[in-house]
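One structure is given here, and the rest of the page talks about it.
All values below come from the heavy atoms of this structure, side chains included, with hydrogens, waters and symmetry mates left out.
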Amino acid sequence: MGPFILKRLGVMLLTALCMTLIVFFLTNLPPNLEKLAKTQLGARITDAEVSSWLERNGYAQPMLARYGEWLGVLPGYTYEAANGTRSGRCARLAGDDGAIPRHCGVLQGDWGYSTKFRVPVTELIGERLARTGMLMFWAFAVMVPMALIIGVVAGMREGSATDRTLSTFAIASTSTPEYVSGVIFVVIFASSMVGLKWFTGSAKSAVDGITFENFTLPVITVALYGMGYIARMTRASMAEVMTAQYIRTARLKGVSFRNIVLKHALRNALIAPFTVIMLQFPWLLTGVVIVEALFVYPGFGNALVEGASNNDIELLMAVSVVAVVVVLVTQLISDIGYALLNPRIRVN
Amino acid sequence: MAKWQYDGPVLEIDRLSISFFTRLREIPAVMDFSVTVQPGEAVGLVGESGCGKSTVALGVMQDLGVNGRIVGGTIRFKGRDLGAMSETELRGLRGSEIAMIYQEPMASLNPAMRVGRQLMEVPMIHEGLSAKAAYDRALAMVEDVKLPDPKRILNSYPHQLSGGQQQRIVIAMALMSKPSLLILDEPTTALDVTVEAAVVALVKELGRKYGTSMLFISHNLGLVLETCDRICVMYSGEAVERGSIGDVFDEMRHPYTQALFRSIPLPGADKNARPLVAIPGNFPLPHERPPGCNFGPRCDYFEAGRCDAQDVRMTPVHGNDRHETRCLKFREIDWSAPPAPPARSETAEPGPVVLKMEQLRKYYEVAASKIFGGGAKRVVKANETLSFEAREGETLAIVGESGCGKSTFAKVLMGLETATGGTILLDGQEIQDIPIQKRDTRTVSDIQMVFQNPFDTLNPAMSVGRQIMRALEVFGVGGTEAARRQRMLELLDLVKLPREFAGRMPRQLSGGQKQRVGIARAFAGGARIVVADEPVSALDVSVQAAVADLLLEIQRENRTTLLFIAHDLSIVRYLADRVMVMYLGHVVEMGTTDQVFSPPYHPYTEALLSAVPIADTHVQKQRIVLEGDVPSAIDPPPGCPFQTRCRWKAEVPGALCETQVPPIRTVQGGHQIKCHLSEDWLARMEPVIRIAAE
Amino acid sequence: MEPLTWTGAIGPYLNPALGLAVAVLALSILTHAGLAIARLGGVARPGAGAAGSHAAAAAGRVTRWSLFAVLALIVIYLVAGIVAPVEAKGIIGRISTRFLPVWIALAATFALSIAFKRRLGLYGNLFDNRVGMIGFALVMFWVYSALFADVIVTHDPVGDVISGMKNKAPGTPLRSPGEGVYGYYLLGGDALARDVFSRMVAGARVVLTIAPAATLFAFMVGITLGVPAGYLGGRFDTALSFVANLVLAFPVILLFFLLVTPEIIAMGVPKYMAEVLFLFPVVFLVILWNSRFHTRPMTRNIHVGLTVLIGGWLYLGLAWDADPLGLVSIPGGVLIVFVSVVFVNSPTVFRIVRGLTLDIRTRDYVAAAQTRGEGAWYIMLWEILPNARGPLLVDFCLRIGYTTILLGTLGFFGLGLPPDSPDWGTSINAGRGLLQFFPFPPLVPAVAIMSLVLGLNLLADGLREESLKD
């Protein structure tokens with residue numbers, strides 16, 4: 001197991017490096033840099049102003065060099081203007097004595113500065129992640145138990161009326177992306193058209209405090225799309241297990257139906273959905289971005305959207321690192337968990 | 001439900017009919033089926049696949065699934081009607097009074113539950129035993145089924161045990177609550193022959209010990225002979241003959257039973273002098289059964305207007321004990337008449353040597369751990385110093401159990417793998433290092449292969465004709481499409497398939513027909529050496545003979561060298577000229593068929609011969625039961641590969657067997673044995689099989 | 001003119017019946033669920049089972065009949081809407097009338113398919129499967145809507161901005177309809193006073209052009225790389241699998257935000273990607289024909305030649321925008337959407353194909369082909385690939401649905417397609433701001449997306465069941 005995890009960690013690191021390089025490349029293409037300069041100085045600046053701004057702030061360096069600076073393996077670029085004011089990558093970290101640190105990259109624990117929100121990226125991401133974390137937590141708390149129950153109950157008697165009803169629900173929910181279910185929920189539960197007005201159609205107030213009214217719709221919307229998928233996986237897995245010969249053995253041993261389901265089938269049936277649940281994490285990210293946009297909730301997804309529309313390079317880099325780490329860590333957990341759940345693999 | 005006393009038969013099935021219902025139609029699976037099992041009796045239920053024998057078993061268990069239903073007749077267990085019982089009553093019966101064992105031991109055990117818990121569950125449910133008492137019972141039971149180190153076994157997961165051990169656990173589980181009736185559905189089909197023999201011996205012994213009645217379902221007549229007191233032969237959903245083993249085997253009164261016995265290779269059958277008689281035609285599909293006698297269309301004694309006029313009932317055969325047959329003409333048929341004299345064929349004289357192997361070795365490197373990768377590489381010695389030569393027109397059988405390296409050998413010969421050492425000479429030319437992509441068309445078409453699994457041998461997405469024509473294309477036969485098409489039709493003629501099969505898809509063909517197409521494809525380029533990898537073992541008994549004879553006929557005409565890989569010694573004895581016995585990558589014995597099948601034997605051959613069930617009441621066998629399983633090829637024992645299971649090891653002085661690979665010694669007339677036993681000791685060996693005087 | 005009601009003149013008669021049927025249906029489903037829970041909880045008590053199962057059977061019958069009633073009433077609404085006189089038609093009736101070509105095409109398709117289903121292979125078997133038939137009907141409804149969109153729409157979905165119709169409710173009459181102009185906005189007007197109904201129908205055309213084509217390309221790429229990765233293994237497999245996992249680890253939404261921007265289009269990135277991705281189908285076909293016919297050079301030359309000629313022409317037009325005949329080209333915005341959707345989908349297809357290949361290559365018929373001395377490409381494309389077609393076809397249907405969702409996502413964030421495009425995602429995006437006050441402009445395309453994806457999912461389910469039966 002040890003070497004396996006080490007090897008996986010190595011692959012993860014390589015993946016993360018490749019990924020950040022790609023993001024860095026895309027955000028640092030000349031038109032994007034120009035866009036950045038214009039968001040900082042106003043849209044009507046001249047080309048000369050653009051290039052001088054880029055020069056002063058260190059964006060004119062070769063791209064790989066700046067990637068190195070971002071990583072913290074190369075010294076940060078510093079520009080000294082004729083009047084002695086110094087600008088550049090690490091200038092904002094200048095101490096009271098005016099000394100600018102040589103390196104200021106990820107390795108030094110510095111994630112840079114958000115040009116859009118004008119705060120250090122670490123601070124911004126921390127706050128946003130906490131908010132999105134709440135959303136994800138509740139979404140998972142609703143989605144996973146519901147999905148597993150639906151899947152197991154549907155799959156344990158394949159073809160029954162219960163199965164058909166639940167399967168119809170599950171397939172309908174996988175056909176409803178967040179931006180569709182969100183719209184429908186708002187229309188039904190928050191709009192003046194139906195007039196239920198049980199919940200609020202915006203989650204803006206959830207920043208100050210989560211309540212049942214302002215958080216239910218976003219949570220349900222995020223949970224619904226993944227729920228059907230997990231439920232279908234669970235159902236398929238459960239139905240397959242229920243036709244396995246060892247279930248027949250158990251039945252012909254005189255085990256009651258309830259114990260067949262609980263003791264014999266469940267563990268075998270949950271191995272496959274476990275992987276799926278873990279892999280839902282990255283999937284949920286897309287959902288979170290949509291839901292945060294639809295319900296105006298300033299979380300991580302909102303940071304991604306804002307960062308991308310303003311070409312906020314360091315924010316985007318941080319966002320992608322977080323996203324990639326989430327994806328890779330869940331993959332790792334899913335692999336390890338799969339091995340732990342499945343005795344056939346554990347011993348090999 | 002508490003067990004109750006009853007003096008009558010344990011199981012009485014009376015005129016049972018079971019049907020499966022699909023959206024389109026009702027498919028009768030079992031019709032008018034009756035059988036009685038007395039206390040302590042073992043009844044064999046024999047028939048080919050699809051005859052409904054497993055459905056009967058599930059009917060007894062009242063576990064026919066959503067689509068299956070009992071549409072007529074009753075099943076009484078100890079006098080009580082199972083069909084009238086509630087689900088709760090049935091649950092009390094299952095596992096405690098009636099237990100079942102099926103074919104795939106691995107699939108029968110829950111992979112995510114320790115063996116111990118699966119065993120303990122039975123008495124805990126039915127007798128309300130505490131976990132401690134149930135554990136003790138399980139421990140005792142595991143000892144009863146002769147598994148080493150019972151505590152460790154109880155604590156392991158099923159996949160940690162070998163196939164033979166798993167089946168012993170399944171048997172232990174079935175006997176945990178001392179049931180009155182044990183149903184065994186092909187319990188040994190998935191096991192190797194020597195393991196099968198041990199499991200069968202165990203079942204018999206335990207059945208006697210606990211006084212359990214048994215319903216033994218099998219396609220193998222020999223196995224039924226060895227285990228059962230009575231037999232019931234099924235054909236296409238019906239029982240066609242029923243009686244004591246002695247009556248049915250020696251005085252059969254149904255044409256199907258007779259045809260079945262004539263189509264299996266018993267000792268004494270000979271491919272030239274006394275060839276097998278295949279049953280003509282095919283098994284009818286359940287919804288296309290003929291009117292009247294189901295066997296009518298394939299029966300030699302069929303009389304139109306009589307046999308197909310009415311439903312046929314079971315009729316008692318007078319003079320025998322409870323012997324019945326479902327035949328209208330059984331009193332008129334001369335049952336002692338020998339089969340119509342078949343066309344005798346000349347014994348083919350083997351020609352010059354075409355293939356020669358010398359000291360062939362094939363090693364594989366495998367990663368030690370599958371999932372987590374990495375780690376040390378280990379070497380599997382799949383073939384060790386293989387030497388033999390094969391002549392034109394000769395049949396060389398290669399015999400061994402799973403893992404003995406016979407398939408690897410075939411791969412190296414075909415060029416799918418290259419040899420690690422040694423040479424393969426085809427017409428004096430070395431080919432062992434030339435992978436198939438680099439071989440010229442001539443060499444490739446010279447050596448062809450017939451595969452084991454008929455359902456896997458043809459590409460399901462391509463029509464039969466196309467597949468044969470593709471082979472012709474690749475081998476460069478025929479210049480034009482039309483010429484190849486003509487040749488393809490001739491090949492279909494050759495394997496006795498109607499020409500319209502050219503346009504069919506493989507899924508429209510039966511197993512035997514697919515295997516014929518496979519043979520046609522192998523001979524498309526005029527193959528001179530054909531490797532047949534268990535070509536008939538997956539087919540039904542009645543089809544096996546026809547396919548085997550077809551292969552031999554084509555061989556005889558083309559003077560092909562046939563390398564026949566098999567684990568079934570009966571068919572080997574029937575069709576091979578020479579036999580090579582393999583064990584763990586080594587050739588342990590080689591000689592003509594007569595030499596190998598009579599003493600002196602290699603101890604492994606001796607055990608193998610004893611293990612093969614023979615469906616002939618006149619045959620007496622020495623019982624040799626091998627302990628344990630075949631060792632893994634990744635971790636073979638030092639010295640002689642067979643030393644871990646050899647019963648004569650004590651006869652060899654010193655630790656010779658444990659330390660040194662035995663030399664190949666030639667006994668007489670080219671008969672080679674790889675064993676440390678001394679020559680005069682070998683000479684004193686007794687024959688395993690004796691045919692008693694009639 | 002009065003605004004239209006939903007059901008028109010038949011409403012007063014049918015609406016109460018529908019209400020009743022729906023109520024009964026809901027009640028019986030609830031009863032059913034209650035019974036199921038009760039039974040799961042009370043297995044231990046004997047006797048309760050029998051009574052419970054009787055009640056369950058009764059509830060099941062009621063459910064079935066009320067469901068039939070609801071469906072029948074809906075059909076009556078649609079049919080009555082078509083046959084009713086113009087002035088008696090409500091919104092549903094008028095919509096149903098507009099869709100008349102679609103209904104006719106659907107009926108013809110089903111009648112023909114059911115008549116010949118025994119001769120149509122897997123497609124025919126689909127008509128033995130209720131789920132599959134419902135899915136197929138939904139999908140074909142949108143396919144025909146896309147085909148006949150020009151006839152169905154009541155107004156120009158992009159150009160007709162009619163004053164006074166901004167954010168109007170469904171069935172609002174035009175203030176002063178000109179000659180030959182349809183008098184109502186059937187499903188209301190959106191924030192720019194365009195007809196929501198017409199935009200929905202026109203959106204089907206956009207979505208159903210891009211989604212299946214993009215999925216097809218993704219399959220070409222995935223198959224061309226996945227089969228050799230699974231069959232050959234080794235370094236090639238390791239490298240490709242790493243790249244596939246890399247793309248899969250990339251959050252889709254981030255990728256879209258980075259790729260689908262005007263700046264990236266200006267840099268020509270989509271063009272480079274298109275040049276690589278669009279090459280795969282041509283390469284795939286050339287290898288396909290060559291491996292099959294290399295033993296017959298004439299046939300091979302004809303096939304390969306035609307492929308290179310036609311494929312090359314399309315390739316020049318699509319990827320390089322350099323069609324010598326000037327017939328084929330894609331606008332930059334659509335191209336980037338197309339390319340990024342293909343890019344996101346290919347790795348998943350790659351993984352599926354690779355897994356299937358690993359499974360199928362152990363079959364005896366593959367070994368038989370090897371022992372005949374067949375080349376690796378022949379074995380991969382003619383022995384392995386055709387036998388993976390069942391699962392691939394199922395996944396193809398599912399993936400069109402997924403691609404539709406992705407397109408919607410792009411539209412929802414206003415990426416790629418022009419802001420006035422009638423596609424469903426863009427329409428939802430345009431309407432979501434005022435969602436709580438004017439729900440129809442975003443709701444209509446939302447329901448459209450859902451029904452199309454649902455149809456594709458059901459179709460995939462039906463196909464899966466039927467292909468497993470073989």
Side-chain angles (χ1 to χ4, degrees), chain B residues 22-24 86-89 91 407 410-411 413-417 435-445 447-462 466-467 469-477 479-481 484 505-507 514 518 521-522 524-525 527 531 533, chain C residues 39 43-50 52-53 118 121-122 125 127-130 232 238 291-300 359-390 392-393 465-467 469-470:
Chain B
T22 66
R23 225 182 308 162
L24 296 176
S86 73
E87 194 55 32
T88 322
E89 284 175 300
R91 204 160 60 225
S407 303
K411 276 188 189 155
L413 174 59
M414 304 299 304
L416 299 180
E417 308 268 357
I436 185 124
Q437 299 87 346
K438 302 224 173 81
R439 292 187 180 180
D440 58 78
T441 315
R442 192 65 245 152
T443 313
V444 170
S445 61
I447 313 180
Q448 278 296 296
M449 188 156 173
V450 177
F451 293 87
Q452 172 175 17
N453 186 348
F455 298 95
D456 222 25
T457 184
L458 300 182
N459 183 346
M462 214 188 263
R466 267 273 135 234
Q467 303 203 30
M469 281 171 73
R470 177 69 194 181
L472 292 170
E473 250 173 51
V474 172
F475 295 148
V477 181
T480 62
E481 269 302 89
R484 280 192 288 265
M505 296 307 273
R507 66 169 182 281
K514 284 184 195 172
R521 190 177 56 187
V531 181
D533 187 359
Chain C
R39 241 185 327 165
V43 187
R45 273 181 292 118
S53 69
R118 292 283 158 259
L122 183 60
N125 290 347
F127 292 88
D128 286 336
N129 188 298
R130 201 185 310 159
L232 302 171
T238 316
S291 63
R292 177 76 176 78
F293 296 121
H294 70 92
T295 48
R296 291 187 258 155
M298 259 322 284
T299 323
R300 188 256 315 264
D359 176 31
I360 297 175
R361 76 164 184 180
T362 58
R363 299 300 175 88
D364 278 351
Y365 53 81
V366 174
Q370 287 170 337
T371 58
R372 284 205 295 273
E374 295 279 11
W377 280 109
Y378 177 84
I379 294 178
M380 286 187 254
L381 298 182
W382 291 94
E383 299 278 345
I384 293 179
L385 192 57
N387 293 301
R389 69 186 187 282
L392 285 185
L393 187 65
E465 267 174 42
E466 290 303 318
S467 69
K469 268 187 204 161
D470 267 355

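- When the options V444(B), L413(B), L416(B) are evaluated for a side chain to side chain contact (heavy atoms under 4.5 Å, CB included) with T371(C), the one that passes is L416(B).
- Looking at E473(B), the atoms closer than 4.5 Å to chain C (heavy atoms on both sides) sit in the backbone and in the side chain alike.
- Ranked by heavy-atom pairs under 4.5 Å with chain B, the list H294(C), R389(C), R363(C) is led by R363(C).
- Contacts of E481(B) with chain C are made by side-chain atoms alone, with heavy-atom separations under 4.5 Å and no backbone atom involved.
- Heavy-atom distances place the side chain of F475(B), and not its backbone, under 4.5 Å from chain C.
- Taking OG1 of T457(B) as the reference point, atom OH of Y365(C) lies at 11.0 Å (rounded to 0.5 Å).
- Of the two parts of R296(C), only the side chain, counted from C-beta on, holds a non-hydrogen atom closer than 4.5 Å to a non-hydrogen atom of chain B.
- Sorted by first and then second residue, the pairs that involve residues 369-382 of chain C and meet salt bridge (Lys or Arg N to Asp or Glu O under 4.0 Å), not counting sequence neighbours, are R470(B)-E374(C), R372(C)-E374(C), R372(C)-E383(C).
- In this structure, no portion of A369(C) lies under 4.5 Å from any heavy atom of chain B.
- Interface remark: of the candidates R521(B), Q452(B), E87(B), M449(B), R521(B) forms the most heavy-atom pairs closer than 4.5 Å to chain C.
- Summarising the local packing, NZ of K411(B) is surrounded by 12 or fewer heavy atoms from other residues, nucleotides or ligands at distances under 6.0 Å.
- Remark: F127(C) pairs with F110(C), Y123(C), F136(C) by the ring pair (Phe, Tyr, Trp, His ring centres under 6.0 Å) rule, at least two apart or across chains.
- Contacts between T295(C) and chain B at a heavy-atom distance below 4.5 Å involve the side chain alone, from C-beta outward.
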